[in-house]
Amino acid sequence: MPPLADPMLFDPSFELTSSLCVRPFKPWSVQSSAQLYRVDGWGAPFFKINSRGNMAVRPYGAKTAPNDEIDLMDTVHKIVASQDNITMPLIIRFPDILKNRMDTLQAAFDRGITRQRYAGRFQGVFPVKCNPDRYLIEEIVSHGRRINFGLEAGSKPELLMVMAAMCNASTTAFLICNGYKDAEYVKMALAARSIGLNTVIVLEQLEELDIVIKMSKQLQIRPVIGVRAKLSTKHAGHWGETSGEKGKFGLSTSEIVQVVKRLRKVDMSDCLQLLHFHIGSQIPSLSIVREGVSEAAHIFCELALMGANMKVIDIGGGLGVDYDGTHSSSSDMSIGYNMEEYAETVVEAIKEATIQKNVSQPTLCCESGRALVSHHSVLVFDVLSAHKNGGSACDRGVSYNIDGLPEALAYLRDDLVRSVDDGDHECILTCAKKLKYESTRLFKQGLLGLEARAAIDELFEIVSVFVDQKESDANMDQNGCGDRPGSHKASSDYYTTYHINLSIFKSIPDSWAIGQLFPIVPLHRLEAEPTERVILSDLTCDSDGKVTTFIGNDKPGAETAKHLPVHELEGDKPYYMGMFLGGAYQEVLGSLHNLFGNPHVIHVVPSKSAGGFRISKFLRGQNLANVLCAMNHEPHLMFENLKERVDGYLDGTYEKEITAETLMSSFTSYTYLAPERSCAFQLNKSFYP
Ligand SMILES: *Cc1c(COP(=O)(O)O)cnc(C)c1O
């Protein structure tokens, strides 16, 4: 066998290696980053990149003065400095963004009503299933008092929560009872009405009518009833499957007619006052809004003409969020309209139907969830480590020692050297693939050593990355956009995996469950070009625990990106990233997979005196004892067990003490990783309640 000692090919200083490893210089600025991550598209007016290259929050939206902007890196530093043992991940809430969204929605409908000279008013409700966090609900109720904002419940626990919360709401605010109901649910709703909460029982199925009639007679409380109509209007997106005549929810036209007749019979026609419908979440276009609202408005008018006491039309949720920043009506991840246009369309469609049928114009209610709360929270996490998938040989320099190669491989290697000389990229790649394939085959038969196989694997990496780089450069020259941001190695199959301190199943469940995209952006270093292309892999021992699709596009014509451009990690310096627009559904849908618990939550508000902002609330995330309790384990019994073992197993008093202390303190530690760079845990003996 001829020795493999071609210094040209395997010398680390060989041109093939070095030509890739030098990156062309590109001018970069925070504007380039803003464009790359489409921050204006999905983030305006609340998020931007500031001149320090950090992500910043504008808590008052368009009305935010430069002094009121909050640097997200400053908030992370402040919380880490102000609390013991704080490590990532972390949810940062901005209550002012939430208030801004409520006000914007109200203002949009108020303007629509004025412009259309509509006779009714607008009163929103928040569907608590979207985010049932106590402080968020309290914020909505207290801020909503001025505008008669109410709440919507879809289950008994939600109803109880909503009833208690609404004791502090305006008395005209609606308490909407949706969801499937039994006698217990109906009794609770009637009790709510009897204590002066403006409660509407919305019939989701025909069977519920009998329960309502029976219970209201029994408790001697006159109900206000709504019906949920099953519309024929459908939207085609992921969230539209519940709509249409075959949808899961609501009453058909014939069932609605039966409700009216039945109520008339028991002399309760005056109780039927509201028509509800819900086309589905994340409605992509105004044409669907217009069609659905018109259909419902005609049902509303017909009910009024049949003698029901119709006063309110509740248009459900569905107002969308522009997750990918493209303002497009053809994608599930975007919407082709804004709040103002949405409101205008709704008011106009209802007005037209009422004029046509000569019915008095109802109060407008909407149950927007996603659009109200998505923006107000930011999930912050750090990167624990990076694993290069190919291309890393370049950074290491090729180093190995080969004594000989089987003849077949030597030929293939010579072919490769020749193709490199010829400069035909396709041929180079074909030769490299053949060489790799053959070496793997021989290795499996025991005919090739590990070092020789490693050498060929590394060579293959280098050649592939090299070819890839050349092709992407050629593409860019062709497209005449040589400085397209982040287009480095644009056609490469090579990428790095960033291991993130997070559980996808806890914090971004919709990314796993339905492939939803959220904007994910580094929180700092944005003045510099992100030179890595990564996928994100989480802490769980689950192959689905990763993010491999991102907003943006890394290939011309693609709708999404397979890799996220980020910066290279710098030693053990922390690298912080943010997931935005996750304030709706993610927290409550998150699961305890692998027992990763709730992250810490902080509330941040602007403050003139405290350097721009202050932390108004800190809610520590779940510790080990908390998540174990959730699975019926009893931490104090577990500890007793372990303590007994320690005492029986170890001899020295000191060893016993240290071990018991280590075990005890572990119960109160955070479920996520505390990287070495952050301060060590302090022993803490006070986890017993
Ligand atoms: C989920 C839901 C909503 C909220 O929908 P969004 O798309 O988040 O606005 C409103 N109403 C009903 C009946 C729902 O089921």
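Any value given below was found using the heavy atoms of this structure, including those in side chains, with hydrogens, waters and symmetry copies removed. As the structure lists them, so they are numbered: ligands from 1, and atoms in each ligand from 1.
- Rounding to the nearest 0.5 Å places CG of L175 at 7.0 Å from CG of L151.
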One pair per line, please: each N/O atom of ligand 1 matched with every protein N/O atom under 3.5 Å away, atom names first, then the distance to 0.1 Å.
residue, atom, partner, partner atom, Å
ligand 1, 5 (O), Y585, OH, 3.4
ligand 1, 7 (O), S281, OG, 2.3
ligand 1, 7 (O), G318, N, 3.1
ligand 1, 8 (O), R370, N, 2.9
ligand 1, 8 (O), Y585, OH, 2.6
ligand 1, 9 (O), G318, N, 3.1
ligand 1, 9 (O), G369, N, 2.8
ligand 1, 11 (N), E367, OE1, 2.6
ligand 1, 15 (O), K129, NZ, 2.6

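- Looking at E367, E158, K129 one by one, the single match for side chain to side chain donor-acceptor pair (under 3.5 Å) with N178 turns out to be E367.
- Distance check, rounded to the nearest 0.5 Å: NE2 of H276 to CD of E204 gives 6.5 Å.
- Both tests do not hold together for K63 against Y60: distance to the six-membered ring centre under 6.0 Å, angle to the ring axis within 45°.
- Remark: aromatic rings of F518 and F580 are distant, center separation not under 6.0 Å.
- Counting only N and O atoms by type, the side chains of R193 and N198 include a donor and acceptor under 3.5 Å apart.
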